[in-house]
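First up is the structure itself, then whatever we jot down about it.
So that the names make sense, note that chain A is the first sequence line, chain B the second, and so on, each numbered from 1. Treat the numbers as computed from the prediction; the structure is a model and nothing was measured.
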Amino acid sequence: MGIESPTAYRIPGTRLTPQYVLADANSFFASCESVFDPSLAGRPVVVLSNNDGCVVARSPAAKRLGIVNGTPWFKIRERADADGVVARSSNYELYASLSHRMMHVMARFLPEQEVYSIDECFMLSLWDDQRTQAICTDLRTAVLRSVGIPVSVGVAPTKTLAKVANHWAKNHPSSDGVTLWSRVATEDGDRALASVPVGEVWGVGRRLTRKLESMGILTALDLRQADPVMIRRRFSVLLERTVLELNGRPSIEPEEDANDGVRRQQILCSRMFSQPVTGFETLSQALGVYAQKACSHLRRQGSLCSRVRAFCSSSPYTRGQYSSASGSIDLEDPSDDPLTITKAARKALAGGIDPHAEYIRAGVVLEGLQNAGGYQPLAGFEAGRDQGLGPVLEEAARRFGPFRVGIGYGGVRGQGQQDDDTGGEWAMNRRMLSPRCTTRWDEMATVHAI
DNA sequence: TCTGGGGTCCTAGGACCC
DNA sequence: TCTGGGGTCCTAGGACCC
(Lines give C-alpha, C1' and ligand atoms only; values in the text may rest on other atoms or scores of the structure.)
Protein backbone atom coordinates (compact mmCIF):
# COMPACT_ATOMS: atom_id res chain seq x y z
CA MET A 1 0.00 0.00 0.00
CA GLY A 2 3.01 2.31 0.24
CA ILE A 3 2.09 3.36 3.77
CA GLU A 4 4.83 3.31 6.34
CA SER A 5 4.09 0.81 9.07
CA PRO A 6 2.89 2.56 12.24
CA THR A 7 5.47 0.67 14.26
CA ALA A 8 8.13 2.67 12.47
CA TYR A 9 6.89 5.68 14.43
CA ARG A 10 7.46 4.11 17.81
CA ILE A 11 10.42 6.31 18.66
CA PRO A 12 9.98 8.44 21.74
CA GLY A 13 10.06 12.10 20.81
CA THR A 14 10.94 15.04 22.99
CA ARG A 15 7.38 15.98 23.88
CA LEU A 16 6.66 15.32 27.52
CA THR A 17 2.92 15.88 27.56
CA PRO A 18 0.98 13.79 25.08
CA GLN A 19 -1.43 15.52 22.75
CA TYR A 20 -5.00 14.50 22.00
CA VAL A 21 -5.72 13.45 18.47
CA LEU A 22 -9.34 13.58 17.31
CA ALA A 23 -10.11 11.78 14.07
CA ASP A 24 -13.61 12.40 12.77
CA ALA A 25 -15.14 11.20 9.50
CA ASN A 26 -16.38 13.81 7.05
CA SER A 27 -20.15 13.57 6.50
CA PHE A 28 -19.94 10.01 7.78
CA PHE A 29 -23.36 8.59 6.83
CA ALA A 30 -23.30 10.27 3.43
CA SER A 31 -19.74 9.06 2.85
CA CYS A 32 -20.80 5.50 3.73
CA GLU A 33 -23.54 5.65 1.10
CA SER A 34 -20.97 6.51 -1.60
CA VAL A 35 -18.54 3.74 -0.66
CA PHE A 36 -20.46 1.05 -2.54
CA ASP A 37 -22.17 3.37 -5.00
CA PRO A 38 -19.51 5.32 -6.90
CA SER A 39 -22.19 7.05 -8.95
CA LEU A 40 -22.85 9.20 -5.87
CA ALA A 41 -19.34 10.69 -5.89
CA GLY A 42 -19.51 14.46 -5.97
CA ARG A 43 -23.32 14.48 -5.98
CA PRO A 44 -25.58 15.99 -3.35
CA VAL A 45 -26.56 13.12 -1.03
CA VAL A 46 -28.68 13.36 2.11
CA VAL A 47 -29.35 10.62 4.66
CA LEU A 48 -32.70 10.67 6.45
CA SER A 49 -33.64 9.68 9.99
CA ASN A 50 -35.95 6.75 10.71
CA ASN A 51 -39.37 7.01 9.09
CA ASP A 52 -37.54 9.10 6.50
CA GLY A 53 -38.30 12.03 8.77
CA CYS A 54 -35.55 14.59 8.65
CA VAL A 55 -32.07 15.13 7.25
CA VAL A 56 -29.31 13.78 9.51
CA ALA A 57 -26.30 13.85 7.17
CA ARG A 58 -25.31 15.66 3.98
CA SER A 59 -22.54 15.21 1.46
CA PRO A 60 -20.40 18.31 0.74
CA ALA A 61 -22.41 19.00 -2.42
CA ALA A 62 -25.66 18.85 -0.43
CA LYS A 63 -24.21 21.27 2.14
CA ARG A 64 -23.34 23.65 -0.68
CA LEU A 65 -26.98 23.61 -1.73
CA GLY A 66 -27.78 25.03 1.69
CA ILE A 67 -29.54 21.96 3.09
CA VAL A 68 -29.47 22.10 6.90
CA ASN A 69 -29.30 19.11 9.25
CA GLY A 70 -32.56 18.48 11.07
CA THR A 71 -34.73 19.80 8.25
CA PRO A 72 -37.89 17.70 7.77
CA TRP A 73 -37.60 15.91 4.44
CA PHE A 74 -41.17 16.61 3.37
CA LYS A 75 -40.46 20.34 3.53
CA ILE A 76 -37.57 20.33 1.08
CA ARG A 77 -38.31 17.27 -0.98
CA GLU A 78 -39.66 19.00 -4.05
CA ARG A 79 -36.82 21.48 -4.21
CA ALA A 80 -34.24 18.76 -3.53
CA ASP A 81 -35.61 16.56 -6.31
CA ALA A 82 -35.28 19.47 -8.72
CA ASP A 83 -31.68 19.99 -7.57
CA GLY A 84 -30.83 16.33 -8.22
CA VAL A 85 -30.38 15.47 -4.54
CA VAL A 86 -30.17 11.74 -3.80
CA ALA A 87 -31.94 10.78 -0.54
CA ARG A 88 -31.28 7.59 1.41
CA SER A 89 -32.92 6.09 4.47
CA SER A 90 -30.45 5.62 7.30
CA ASN A 91 -28.79 2.22 7.06
CA TYR A 92 -27.29 1.81 10.51
CA GLU A 93 -26.20 -1.73 9.87
CA LEU A 94 -23.94 -0.55 7.04
CA TYR A 95 -22.65 2.46 8.99
CA ALA A 96 -21.81 0.40 12.06
CA SER A 97 -19.89 -2.09 9.95
CA LEU A 98 -17.84 0.59 8.18
CA SER A 99 -17.27 2.38 11.49
CA HIS A 100 -15.81 -0.77 12.93
CA ARG A 101 -13.39 -1.16 10.02
CA MET A 102 -12.39 2.49 10.20
CA MET A 103 -11.67 2.32 13.95
CA HIS A 104 -9.66 -0.83 13.47
CA VAL A 105 -7.42 0.83 10.87
CA MET A 106 -6.88 3.96 12.97
CA ALA A 107 -5.97 2.02 16.10
CA ARG A 108 -2.87 0.76 14.28
CA PHE A 109 -1.42 4.26 14.07
CA LEU A 110 -1.75 5.78 17.54
CA PRO A 111 -2.23 4.44 21.09
CA GLU A 112 -5.06 4.83 23.62
CA GLN A 113 -7.93 4.88 21.16
CA GLU A 114 -11.21 5.94 22.74
CA VAL A 115 -14.14 5.43 20.39
CA TYR A 116 -16.29 8.41 21.19
CA SER A 117 -19.08 7.94 18.66
CA ILE A 118 -19.88 6.00 15.51
CA ASP A 119 -17.70 8.32 13.41
CA GLU A 120 -15.01 9.70 15.68
CA CYS A 121 -12.34 8.63 18.12
CA PHE A 122 -9.73 10.20 20.37
CA MET A 123 -6.17 8.89 20.42
CA LEU A 124 -2.90 10.11 21.95
CA SER A 125 0.26 11.26 20.25
CA LEU A 126 3.42 11.07 22.29
CA TRP A 127 5.60 12.59 19.60
CA ASP A 128 6.70 16.00 18.39
CA ASP A 129 4.66 18.06 15.98
CA GLN A 130 6.50 17.04 12.86
CA ARG A 131 6.15 13.34 13.50
CA THR A 132 2.57 13.73 14.74
CA GLN A 133 1.68 15.49 11.52
CA ALA A 134 3.24 12.69 9.48
CA ILE A 135 1.43 9.95 11.39
CA CYS A 136 -1.94 11.70 11.11
CA THR A 137 -1.49 12.25 7.39
CA ASP A 138 -0.72 8.57 6.87
CA LEU A 139 -3.66 7.55 9.05
CA ARG A 140 -5.94 9.64 6.88
CA THR A 141 -4.61 8.10 3.70
CA ALA A 142 -4.92 4.59 5.10
CA VAL A 143 -8.57 5.00 6.10
CA LEU A 144 -9.45 6.55 2.77
CA ARG A 145 -7.78 3.76 0.81
CA SER A 146 -8.84 0.77 2.84
CA VAL A 147 -12.33 1.81 3.93
CA GLY A 148 -13.19 4.60 1.51
CA ILE A 149 -14.14 7.16 4.14
CA PRO A 150 -12.49 10.61 4.33
CA VAL A 151 -11.54 11.69 7.86
CA SER A 152 -10.27 14.94 9.34
CA VAL A 153 -7.80 15.07 12.20
CA GLY A 154 -7.30 17.69 14.91
CA VAL A 155 -4.42 17.63 17.40
CA ALA A 156 -4.21 19.69 20.61
CA PRO A 157 -3.25 19.53 24.28
CA THR A 158 -6.88 19.03 25.36
CA LYS A 159 -9.92 17.28 23.90
CA THR A 160 -11.90 20.49 23.58
CA LEU A 161 -9.08 22.17 21.63
CA ALA A 162 -8.67 19.02 19.53
CA LYS A 163 -12.34 19.44 18.60
CA VAL A 164 -11.66 23.04 17.58
CA ALA A 165 -8.62 21.93 15.58
CA ASN A 166 -10.72 19.26 13.89
CA HIS A 167 -13.29 21.85 12.81
CA TRP A 168 -10.41 23.93 11.54
CA ALA A 169 -9.14 21.03 9.46
CA LYS A 170 -12.60 20.55 7.94
CA ASN A 171 -13.08 24.23 7.11
CA HIS A 172 -9.62 25.09 5.82
CA PRO A 173 -8.76 23.07 2.70
CA SER A 174 -5.14 24.22 2.97
CA SER A 175 -4.75 22.02 6.06
CA ASP A 176 -5.15 18.86 3.95
CA GLY A 177 -7.38 17.35 6.59
CA VAL A 178 -4.90 17.56 9.49
CA THR A 179 -4.62 20.52 11.88
CA LEU A 180 -2.20 20.81 14.78
CA TRP A 181 -3.53 23.42 17.15
CA SER A 182 -0.04 24.44 18.22
CA ARG A 183 0.68 25.57 14.68
CA VAL A 184 -2.59 27.44 14.21
CA ALA A 185 -2.17 29.14 17.58
CA THR A 186 1.40 30.14 16.84
CA GLU A 187 0.60 31.71 13.51
CA ASP A 188 -2.66 33.43 14.30
CA GLY A 189 -2.43 33.93 18.04
CA ASP A 190 -5.86 34.49 19.55
CA ARG A 191 -7.39 35.23 16.16
CA ALA A 192 -8.09 31.56 15.60
CA LEU A 193 -10.17 31.18 18.77
CA ALA A 194 -11.83 34.53 18.17
CA SER A 195 -13.10 33.22 14.84
CA VAL A 196 -14.97 30.35 16.50
CA PRO A 197 -18.51 31.27 17.66
CA VAL A 198 -19.08 30.18 21.26
CA GLY A 199 -21.93 27.92 20.17
CA GLU A 200 -19.52 25.78 18.17
CA VAL A 201 -17.43 24.91 21.21
CA TRP A 202 -17.82 21.30 22.36
CA GLY A 203 -20.18 21.24 25.34
CA VAL A 204 -21.93 24.53 24.54
CA GLY A 205 -25.40 23.87 23.19
CA ARG A 206 -28.23 26.14 22.12
CA ARG A 207 -29.43 27.14 25.58
CA LEU A 208 -25.98 27.90 26.92
CA THR A 209 -25.13 29.87 23.77
CA ARG A 210 -28.05 32.18 24.34
CA LYS A 211 -27.17 32.73 27.96
CA LEU A 212 -23.47 33.23 27.28
CA GLU A 213 -24.14 35.66 24.45
CA SER A 214 -26.34 37.74 26.71
CA MET A 215 -23.31 38.08 28.97
CA GLY A 216 -21.15 39.26 26.09
CA ILE A 217 -19.35 35.94 25.67
CA LEU A 218 -19.58 35.52 21.91
CA THR A 219 -16.53 33.53 20.83
CA ALA A 220 -14.35 30.67 22.00
CA LEU A 221 -11.76 33.31 22.90
CA ASP A 222 -14.25 35.13 25.15
CA LEU A 223 -15.09 31.87 26.87
CA ARG A 224 -11.41 31.03 27.35
CA GLN A 225 -10.89 34.37 29.08
CA ALA A 226 -13.95 34.00 31.34
CA ASP A 227 -13.42 33.41 35.06
CA PRO A 228 -13.83 29.66 35.68
CA VAL A 229 -15.15 30.25 39.20
CA MET A 230 -17.85 32.58 37.93
CA ILE A 231 -18.71 30.11 35.17
CA ARG A 232 -19.05 27.31 37.67
CA ARG A 233 -21.29 29.40 39.90
CA ARG A 234 -23.54 30.70 37.14
CA PHE A 235 -23.57 27.52 35.03
CA SER A 236 -22.06 24.20 36.07
CA VAL A 237 -18.86 22.26 36.62
CA LEU A 238 -19.17 20.99 33.07
CA LEU A 239 -18.83 24.43 31.54
CA GLU A 240 -16.05 25.27 33.99
CA ARG A 241 -14.14 22.28 32.62
CA THR A 242 -14.68 23.59 29.10
CA VAL A 243 -13.09 26.91 30.12
CA LEU A 244 -10.08 25.10 31.60
CA GLU A 245 -9.76 22.95 28.49
CA LEU A 246 -9.76 26.00 26.23
CA ASN A 247 -6.85 27.23 28.34
CA GLY A 248 -4.93 24.07 27.58
CA ARG A 249 -5.57 22.28 30.89
CA PRO A 250 -6.93 18.77 30.29
CA SER A 251 -10.06 18.41 32.44
CA ILE A 252 -12.23 15.83 30.69
CA GLU A 253 -11.68 12.23 31.72
CA PRO A 254 -11.88 9.42 29.20
CA GLU A 255 -15.28 7.76 29.20
CA GLU A 256 -15.04 4.56 31.10
CA ASP A 257 -14.85 1.46 28.96
CA ALA A 258 -15.72 3.54 25.93
CA ASN A 259 -13.60 1.19 23.88
CA ASP A 260 -16.23 -1.44 23.30
CA GLY A 261 -19.11 0.65 24.54
CA VAL A 262 -19.96 -2.35 26.65
CA ARG A 263 -20.65 -1.10 30.16
CA ARG A 264 -23.69 1.07 29.72
CA GLN A 265 -25.68 2.54 32.56
CA GLN A 266 -28.94 2.21 30.73
CA ILE A 267 -30.21 0.63 27.55
CA LEU A 268 -32.92 2.41 25.64
CA CYS A 269 -34.96 1.40 22.65
CA SER A 270 -37.53 3.84 21.32
CA ARG A 271 -39.16 4.64 18.01
CA MET A 272 -41.53 7.02 16.36
CA PHE A 273 -44.50 5.28 14.79
CA SER A 274 -45.28 5.62 11.12
CA GLN A 275 -48.82 6.66 12.13
CA PRO A 276 -50.46 7.61 15.43
CA VAL A 277 -51.43 4.81 17.78
CA THR A 278 -54.38 4.90 20.17
CA GLY A 279 -55.15 2.52 23.01
CA PHE A 280 -53.10 0.23 25.15
CA GLU A 281 -53.50 -2.88 22.99
CA THR A 282 -51.56 -1.54 20.01
CA LEU A 283 -49.12 0.37 22.20
CA SER A 284 -48.39 -2.83 24.00
CA GLN A 285 -47.47 -4.60 20.73
CA ALA A 286 -44.82 -1.98 20.05
CA LEU A 287 -43.55 -2.00 23.65
CA GLY A 288 -43.09 -5.75 23.37
CA VAL A 289 -40.92 -5.37 20.27
CA TYR A 290 -38.77 -2.62 21.83
CA ALA A 291 -38.40 -4.54 25.08
CA GLN A 292 -37.05 -7.53 23.19
CA LYS A 293 -34.60 -5.37 21.24
CA ALA A 294 -33.37 -3.77 24.45
CA CYS A 295 -33.16 -7.17 26.08
CA SER A 296 -30.97 -8.59 23.36
CA HIS A 297 -28.59 -5.61 23.81
CA LEU A 298 -28.60 -6.34 27.52
CA ARG A 299 -27.70 -9.97 26.99
CA ARG A 300 -25.04 -9.16 24.42
CA GLN A 301 -23.18 -7.04 26.95
CA GLY A 302 -23.62 -9.65 29.67
CA SER A 303 -25.72 -7.56 32.04
CA LEU A 304 -28.87 -7.88 34.11
CA CYS A 305 -31.31 -5.05 34.74
CA SER A 306 -33.29 -4.40 37.88
CA ARG A 307 -35.78 -1.82 36.63
CA VAL A 308 -37.79 -1.53 33.43
CA ARG A 309 -39.19 1.82 32.37
CA ALA A 310 -41.64 2.41 29.54
CA PHE A 311 -42.87 5.68 28.07
CA CYS A 312 -44.99 7.04 25.25
CA SER A 313 -45.87 10.49 23.99
CA SER A 314 -47.96 12.21 21.39
CA SER A 315 -46.52 14.52 18.75
CA PRO A 316 -45.31 17.89 20.01
CA TYR A 317 -45.91 19.31 16.53
CA THR A 318 -49.61 18.78 16.04
CA ARG A 319 -52.06 21.17 17.57
CA GLY A 320 -54.11 20.02 20.48
CA GLN A 321 -53.15 18.38 23.72
CA TYR A 322 -49.65 17.07 24.13
CA SER A 323 -49.85 13.90 26.13
CA SER A 324 -47.13 11.71 27.55
CA ALA A 325 -46.97 8.87 30.01
CA SER A 326 -44.19 6.96 31.66
CA GLY A 327 -43.86 4.37 34.37
CA SER A 328 -41.39 1.89 35.74
CA ILE A 329 -41.40 -1.51 37.34
CA ASP A 330 -38.77 -2.71 39.80
CA LEU A 331 -38.00 -6.35 39.11
CA GLU A 332 -38.03 -8.64 42.10
CA ASP A 333 -34.75 -10.05 40.94
CA PRO A 334 -32.25 -8.65 38.41
CA SER A 335 -33.01 -10.30 35.09
CA ASP A 336 -32.09 -10.68 31.44
CA ASP A 337 -35.07 -12.83 30.63
CA PRO A 338 -36.99 -11.51 27.61
CA LEU A 339 -40.36 -12.67 28.91
CA THR A 340 -39.92 -11.01 32.30
CA ILE A 341 -38.69 -7.78 30.71
CA THR A 342 -41.41 -7.70 28.06
CA LYS A 343 -44.11 -8.23 30.66
CA ALA A 344 -42.62 -5.56 32.91
CA ALA A 345 -42.49 -3.03 30.05
CA ARG A 346 -46.19 -3.52 29.34
CA LYS A 347 -47.13 -3.44 32.99
CA ALA A 348 -45.16 -0.21 33.48
CA LEU A 349 -47.57 1.65 31.20
CA ALA A 350 -50.74 -0.34 31.80
CA GLY A 351 -53.40 1.90 33.23
CA GLY A 352 -51.17 4.96 32.93
CA ILE A 353 -52.11 6.08 29.46
CA ASP A 354 -54.80 8.35 28.12
CA PRO A 355 -57.04 5.95 26.16
CA HIS A 356 -57.93 8.64 23.62
CA ALA A 357 -54.49 10.15 23.04
CA GLU A 358 -52.80 9.68 19.67
CA TYR A 359 -49.35 8.47 20.55
CA ILE A 360 -46.59 8.92 18.02
CA ARG A 361 -43.65 7.44 19.90
CA ALA A 362 -42.90 4.89 22.60
CA GLY A 363 -39.85 3.35 24.19
CA VAL A 364 -38.41 1.00 26.78
CA VAL A 365 -35.47 1.76 29.09
CA LEU A 366 -33.57 -0.86 31.06
CA GLU A 367 -32.02 0.59 34.21
CA GLY A 368 -30.07 -0.53 37.25
CA LEU A 369 -27.69 -2.56 35.12
CA GLN A 370 -25.23 -4.94 36.70
CA ASN A 371 -22.80 -7.56 35.60
CA ALA A 372 -24.53 -10.91 35.10
CA GLY A 373 -21.37 -12.76 36.10
CA GLY A 374 -21.14 -11.02 39.46
CA TYR A 375 -24.75 -11.56 40.45
CA GLN A 376 -25.38 -14.18 43.11
CA PRO A 377 -29.02 -14.79 43.93
CA LEU A 378 -29.73 -15.63 47.55
CA ALA A 379 -29.93 -19.34 48.17
CA GLY A 380 -33.41 -20.58 47.42
CA PHE A 381 -34.30 -17.53 45.32
CA GLU A 382 -32.81 -18.57 42.00
CA ALA A 383 -36.20 -19.42 40.54
CA GLY A 384 -36.81 -15.83 39.41
CA ARG A 385 -34.23 -16.21 36.68
CA ASP A 386 -35.53 -18.42 33.94
CA GLN A 387 -32.48 -19.27 31.87
CA GLY A 388 -34.56 -21.03 29.26
CA LEU A 389 -36.05 -18.49 26.88
CA GLY A 390 -33.22 -16.00 26.32
CA PRO A 391 -30.68 -18.44 24.90
CA VAL A 392 -33.34 -20.15 22.78
CA LEU A 393 -34.41 -16.86 21.15
CA GLU A 394 -30.78 -15.95 20.55
CA GLU A 395 -30.03 -19.24 18.89
CA ALA A 396 -33.14 -18.92 16.72
CA ALA A 397 -32.08 -15.41 15.65
CA ARG A 398 -28.60 -16.65 14.84
CA ARG A 399 -29.84 -19.50 12.70
CA PHE A 400 -32.91 -18.01 11.04
CA GLY A 401 -32.34 -14.27 11.28
CA PRO A 402 -33.74 -11.69 13.69
CA PHE A 403 -37.50 -11.32 14.21
CA ARG A 404 -38.44 -14.81 13.05
CA VAL A 405 -39.16 -15.98 16.55
CA GLY A 406 -40.11 -13.79 19.50
CA ILE A 407 -42.77 -12.78 21.97
CA GLY A 408 -45.91 -11.23 20.48
CA TYR A 409 -45.11 -8.96 17.55
CA GLY A 410 -41.42 -9.56 18.22
CA GLY A 411 -41.87 -12.77 16.26
CA VAL A 412 -43.77 -11.36 13.32
CA ARG A 413 -42.01 -10.54 10.11
CA GLY A 414 -43.59 -8.08 7.67
CA GLN A 415 -42.96 -7.59 3.99
CA GLY A 416 -40.36 -4.84 4.27
CA GLN A 417 -36.65 -5.19 3.64
CA GLN A 418 -35.60 -4.45 7.19
CA ASP A 419 -35.64 -7.15 9.84
CA ASP A 420 -37.56 -5.14 12.36
CA ASP A 421 -40.47 -4.49 10.04
CA THR A 422 -42.94 -6.41 12.13
CA GLY A 423 -45.92 -5.79 9.92
CA GLY A 424 -47.65 -3.72 12.62
CA GLU A 425 -49.37 -0.71 11.11
CA TRP A 426 -47.18 1.45 13.37
CA ALA A 427 -43.89 0.01 12.11
CA MET A 428 -41.56 2.59 10.67
CA ASN A 429 -40.99 3.37 7.03
CA ARG A 430 -37.62 3.30 5.38
CA ARG A 431 -38.35 3.51 1.72
CA MET A 432 -34.94 4.47 0.40
CA LEU A 433 -32.68 1.96 2.07
CA SER A 434 -29.38 1.10 0.40
CA PRO A 435 -27.97 -2.44 0.36
CA ARG A 436 -26.10 -3.65 3.45
CA CYS A 437 -23.09 -4.66 1.39
CA THR A 438 -20.80 -5.63 4.22
CA THR A 439 -23.14 -7.62 6.44
CA ARG A 440 -25.59 -9.52 4.18
CA TRP A 441 -24.61 -12.12 1.63
CA ASP A 442 -27.64 -11.40 -0.51
CA GLU A 443 -26.98 -7.66 -0.56
CA MET A 444 -23.30 -7.75 -1.47
CA ALA A 445 -22.03 -5.26 -4.06
CA THR A 446 -21.63 -6.52 -7.61
CA VAL A 447 -18.64 -5.37 -9.65
CA HIS A 448 -18.64 -5.74 -13.43
CA ALA A 449 -15.26 -6.11 -15.16
CA ILE A 450 -15.23 -4.88 -18.72
C1' DT B 1 -49.55 12.72 4.80
C1' DC B 2 -44.50 13.56 6.39
C1' DT B 3 -40.18 16.58 12.35
C1' DG B 4 -34.56 10.50 14.70
C1' DG B 5 -32.50 7.48 18.21
C1' DG B 6 -29.30 6.42 21.86
C1' DG B 7 -26.65 7.97 25.27
C1' DT B 8 -24.22 10.88 29.41
C1' DC B 9 -23.91 13.92 33.39
C1' DC B 10 -25.47 17.46 36.68
C1' DT B 11 -28.69 19.84 39.68
C1' DA B 12 -32.65 20.84 42.35
C1' DG B 13 -35.83 19.33 45.37
C1' DG B 14 -38.37 16.06 48.18
C1' DA B 15 -38.38 12.22 51.55
C1' DC B 16 -36.37 10.58 55.35
C1' DC B 17 -33.26 10.24 59.36
C1' DC B 18 -30.80 11.86 63.53
C1' DT C 1 -48.56 21.97 66.72
C1' DC C 2 -44.45 24.37 65.90
C1' DT C 3 -39.51 24.88 66.02
C1' DG C 4 -33.80 23.58 63.61
C1' DG C 5 -29.61 22.09 61.18
C1' DG C 6 -27.23 18.72 58.76
C1' DG C 7 -26.85 14.73 56.29
C1' DT C 8 -28.07 10.94 52.69
C1' DC C 9 -30.59 8.98 49.05
C1' DC C 10 -33.52 9.05 45.18
C1' DT C 11 -35.86 10.88 41.17
C1' DA C 12 -37.26 14.07 37.62
C1' DG C 13 -35.91 17.23 34.56
C1' DG C 14 -32.68 19.80 31.95
C1' DA C 15 -28.66 20.29 29.39
C1' DC C 16 -25.35 18.37 26.39
C1' DC C 17 -23.25 15.02 22.74
C1' DC C 18 -23.31 12.56 18.00
Side-chain angles (χ1 to χ4, degrees), chain A residues 22 24-25 27-29 46-57 68-78 80 87 89-92 95-96 99 114-122 159-160 163 166-167 199-212 232-242 251-258 261-276 290 293-294 297-298 301 306-307 309 311 313-318 322 324 326-328 330 358 360-369 420 428-432:
Chain A
L22 174 65
D24 184 320
S27 314
F28 182 58
F29 293 174
V46 298
V47 177
L48 306 177
S49 62
N50 283 336
N51 277 320
D52 298 334
C54 56
V55 175
V56 292
V68 178
N69 258 351
T71 312
W73 177 235
F74 72 90
K75 282 190 181 171
I76 57 165
R77 179 173 198 162
E78 217 163 287
S89 305
S90 36
N91 187 343
Y92 288 105
Y95 310 152
S99 167
E114 178 193 344
V115 177
Y116 178 70
S117 74
I118 193 165
D119 73 332
E120 63 187 300
C121 66
F122 288 104
K159 288 182 171 179
T160 303
K163 279 271 188 184
N166 191 286
H167 269 271
E200 281 178 22
V201 174
W202 193 37
V204 181
R206 274 236 303 285
R207 307 294 277 261
L208 286 180
T209 302
R210 246 187 288 149
K211 220 170 148 186
L212 287 167
R232 181 181 191 141
R233 192 160 35 82
R234 308 250 326 233
F235 297 90
S236 69
V237 292
L238 294 177
L239 196 59
E240 181 195 24
R241 281 181 206 151
T242 301
S251 307
I252 297 175
E253 297 291 310
E255 287 180 12
E256 213 158 314
D257 286 322
V262 166
R263 280 294 161 253
R264 297 273 161 73
Q265 298 181 18
Q266 57 171 220
I267 292 173
L268 183 150
C269 180
S270 79
R271 293 281 183 282
M272 304 259 309
F273 304 133
S274 54
Q275 52 182 282
Y290 307 156
K293 271 177 165 289
H297 276 253
L298 182 75
Q301 72 166 45
S306 52
R307 187 165 50 235
R309 175 176 299 281
F311 63 88
S313 61
S314 63
S315 169
Y317 299 104
T318 48
Y322 174 75
S324 69
S326 113
S328 68
D330 286 311
E358 300 200 318
I360 194 69
R361 130 188 244 114
V364 172
V365 196
L366 307 184
E367 300 171 336
L369 304 193
D420 51 2
M428 68 178 169
N429 297 319
R430 279 189 290 179
R431 295 201 177 86
M432 295 166 280

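In the set B:dG5, C:dA12, B:dC10, C:dA12 carries the atom at the smallest distance from any side-chain atom of A:R309. The A:F74 side chain lies nearest to B:dC2 when the options are C:dC18, B:dG5, B:dC2. Checking B:dG6, C:dC18, B:dG4 against the side-chain heavy atoms of A:S117 singles out C:dC18 as nearest.
Residue ring and base: A:W73 does not count as stacked with B:dT3 (centre distance below 5.5 Å and interplanar angle below 30° not both satisfied).
When the P atom of B:dG5 is taken as reference, atom CG of A:N51 falls 7 Å away, rounded to whole Å.
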Starting from the C-alpha separation in whole Å, work towards a yes-or-no answer on salt bridge (Lys or Arg N to Asp or Glu O under 4.0 Å) for A:R234 and A:E240. CA-CA 10 Å; A:R234 308 250 326 233; A:E240 181 195 24; over 6 Å; no

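Comparing B:dC16 with C:dG4, their C1' atoms are spaced 16 Å from each other, to the whole Å. Using P as the reference atom, B:dT3 and C:dC17 are 25 Å apart when rounded to the nearest Å. With both ends at atom P, the span from B:dA15 to C:dC2 equals 16 Å, rounded to whole Å.
Each of A:I267 and A:F235 has a nearest nucleotide on DNA chain B; the 5'-most of these lies closest to A:I267. When each of A:R232 and A:R361 is assigned the nucleotide of DNA chain B bearing its nearest heavy atom, the one mapping closer to the 5' terminus is A:R361.
Judged purely by atom type and a 3.5 angstrom limit, A:S89 uses its side chain to pair as donor or acceptor with the backbone of A:M432. Remark: side-chain polar atoms of A:S314 are not paired, donor with acceptor, to backbone N or O of A:Y322 under 3.5 angstrom. For the pair A:S90 (side chain) and A:Y92 (backbone), a donor-acceptor distance under 3.5 Å is absent.
Residue A:R206 is classed as a sugar-phosphate contact, given heavy-atom separations below 4.0 Å to backbone atoms only. Within 4.0 Å of A:K211, counting heavy atoms only, lies no atom of the nucleic acid at all. Across all strands shown, A:V201 has heavy atoms under 4.0 Å from sugar-phosphate atoms exclusively, and none from any base. Residue contacts shown for A:E120 are limited to sugar-phosphate atoms, with no base heavy atom under 4.0 Å away. When heavy atoms are screened at a 4.0 angstrom cut-off, A:L208 is found touching the sugar-phosphate backbone but no base atom.
Comment: A:E253 does not engage A:R241 in a salt bridge, judged by the lack of any side-chain N to carboxylate O separation of less than 4.0 angstrom.
With a 3.5 Å ceiling on both atom-pair distances, the Watson-Crick or G-U wobble partner of B:dC18 is C:dG5.
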